[in-house]
Amino acid sequence: MAGNSQRRNRRTSNKKGATVGSGGQRRRGLEGKGPTPKAEDRKKHKKNRIATAKAKQAATRRPAPRRGGAKGTSEMVVGRNPVFEALRDGVPASTLYVQQYIDNDERVREALQLAGERGNINLMEAPRAELDRMTNGLNHQGLVLQVPPYEYADPQDLTALAYDNGEDPLIVALDGVTDPRNLGAIVRSTSAFGGHGVVVPERRAAGMTAGAWKSSAGTAARTPVSRVTNLTRALEAYKKEGLTIVGLAADGEHTVEDLEQIGGPVVIVIGSEGKGLGRLVGETCDYRVRISMPGGAESLNAGVAAGIVLYEAARRRA
């Protein structure tokens with residue numbers, strides 16, 4: 001018996017002491033972790049991404065006013081019908097030149113009436129010889145409309161506009177689109193589907209002429225267009241801001257409807273109808289997408305293709 005008692009004492013003496021409680025850890029584990037952080041403070045949330053990008057923009061943005069980029073060249077619209085249509089479609093104009101002793105037909109009267117209603121267009125009477133000199137001998141029919149240079153936006157203004165509105169940027173870049181009517185149509189689609197602007201190269205590309213303005217159906221007044229000396233460098237700069245570069249190509253690895261990134265901060269790059277995307281621009285793209293065409297057409301007009309991709313981007317953002 002004594003031996004058994006000694007063994008029990010030895011087992012008891014090996015214990016380190018009384019059992020210690022949880023120290024309140026279990027109780028604290030049951031307690032709440034406080035209010036849910038705001039969306040702007042939660043990583044990976046869309047609002048956090050926008051707030052972060054907006055802060056970076058504020059830190060690096062130049063103090064230049066919006067639409068403070070390069071300027072185009074002035075332009076002359078000549079002929080009675082073209083002048084009337086430009087005035088009717090809201091093309092910006094500074095001066096309407098009218099030939100002295102012109103036959104006062106219906107088109108001339110309508111053009112003069114539209115210019116007068118604008119209130120900010122100068123009306124100037126000039127001899128035929130002066131109009132011939134101004135237009136380099138074109139058949140002006142006694143009416144010449146002077147269109148002031150278009151004031152292009154800075155590329156950073158387009159993303160700043162998006163962040164100021166609390167939105168992910170949706171920008172369209174054009175690579176080799178030379179038809180001003182296509183440019184105007186793309187500006188119109190960009191405006192219709194909530195885009196924040198269009199980027200065009202300086203060389204071998206259409207600019208914001210009177211024809212482009214007319215095709216935009218007035219949306220060029222509220223949708224900025226930026227002109228850059230090097231499109232590849234502009235796309236690289238957008239990449240550094242966190243935008244995804246998506247190029248439209250007939251042999252793209254992805255389809256428009258399957259690429260989720262189109263619904264986020266993105267630049268959609270549209271190439272020319274003949275050559276498509278240039279080599280360097282294509283290599284800069286993060287993704288190349290194609291439009292599914294069950295009908296078997298080889299390609300689409302650049303303006304139509306841009307509208308389809310912009311619709312898909314807007315649908316994903318809705």
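No hydrogens, no waters, no symmetry mates; every other heavy atom, side chains included, goes into these values.
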Side-chain donor/acceptor of [X] to backbone N/O of [Y], under 3.5 Å:
X      : Y      : result
Asn230 : Thr232 : yes
Tyr238 : Pro155 : yes
Ser216 : Trp213 : yes
Thr135 : Leu131 : yes
Gln141 : Arg80  : yes
Arg288 : Glu253 : no
Lys239 : Thr284 : yes
Asp286 : Ile245 : yes
Asn182 : Thr178 : no
Thr159 : Gln156 : yes

Carboxylate-amine/guanidinium proximity below 4.0 Å for [X] and [Y]:
X      : Y      : value
Arg315 : Glu312 : yes
Arg316 : Glu260 : no
Arg107 : Asp105 : no
Lys275 : Asp175 : no

Between [X] and [Y], is any pair of side-chain heavy atoms under 4.5 Å apart?
X      : Y      : answer
Pro127 : Gln99  : no
Ser292 : Glu257 : yes
Leu161 : Asp157 : no
Met134 : Met76  : yes
Val147 : Val91  : yes
Glu125 : Tyr101 : no
Met293 : Ile291 : yes
Val78  : Val83  : no

Stepwise side chain to side chain contact (heavy atoms under 4.5 Å, CB included) check, His254 with Arg290: CA-CA 6 Å; His254 308 271; Arg290 65 184 186 277; 5.7 Å; no
For the atom pair [atom1] ([X]) and [atom2] ([Y]), what is the distance rounded to the nearest 0.5 Å?
X      : Y      : atom1 : atom2 : answer
Arg227 : Tyr152 : CZ    : OH    : 4.0 Å
Cys285 : Leu248 : SG    : CG    : 9.5 Å
His196 : Tyr163 : NE2   : OH    : 10.0 Å
Leu145 : Ile121 : CG    : CD1   : 6.0 Å
Ser94  : Asn120 : OG    : CG    : 9.5 Å

State yes or no: do [X] and [Y] share one hydrophobic cluster built from I, L, V, M, F, W and Y residues joined by side-chain heavy-atom distances below 4.5 Å, directly or via other members?
X      : Y      : value
Leu310 : Val177 : yes
Leu123 : Leu87  : yes
Tyr311 : Val198 : yes
Val108 : Phe84  : yes
Leu300 : Ile270 : yes

Exceeds 12 heavy-atom contacts within 6.0 angstrom, atom CD of Glu106: no
For Leu235, the option from Val228, Val281, Val199, Leu243 that meets side-chain contact (heavy atoms from CB on, under 4.5 Å): Val281
Single hit among Leu259, Val256, Val309 for side-chain contact (heavy atoms from CB on, under 4.5 Å) with Val246: Leu259
Between [Y] and [X], do the side chains contain a donor N or O and an acceptor N or O under 3.5 Å apart?
X      : Y      : result
Asp132 : His140 : yes
Gln261 : Tyr287 : yes
Gln146 : Ser74  : no
Thr229 : Glu202 : no

Please report the shortest heavy-atom distance between [X] and [Y], naming the atom on each side.
X      : Y      : result
Ala210 : Val77  : CB-CG2, 3.8 Å
Pro224 : Leu158 : CG-CD2, 3.6 Å
Pro201 : Leu174 : CD-O, 3.1 Å
Leu277 : Gly247 : CD1-CA, 3.9 Å
Ser189 : Gly303 : OG-O, 4.4 Å
Leu183 : Ala212 : CD2-CB, 4.2 Å

Candidate pair Glu130 and Arg133, rule salt bridge (Lys or Arg N to Asp or Glu O under 4.0 Å), full reasoning: CA-CA 5 Å; Glu130 178 62 17; Arg133 185 195 65 78; 2.6 Å; yes
From CA spacing to verdict: side chain to side chain contact (heavy atoms under 4.5 Å, CB included), Met124, Leu96: CA-CA 6 Å; Met124 301 287 292; Leu96 174 61; over 6 Å; no
Val267/Thr244 under side chain to side chain contact (heavy atoms under 4.5 Å, CB included): CA gap, chis, key distance, verdict: CA-CA 6 Å; Val267 179; Thr244 302; over 6 Å; no
Residue pair Val269, Val172: steps toward the side chain to side chain contact (heavy atoms under 4.5 Å, CB included) verdict: CA-CA 6 Å; Val269 189; Val172 178; over 6 Å; no
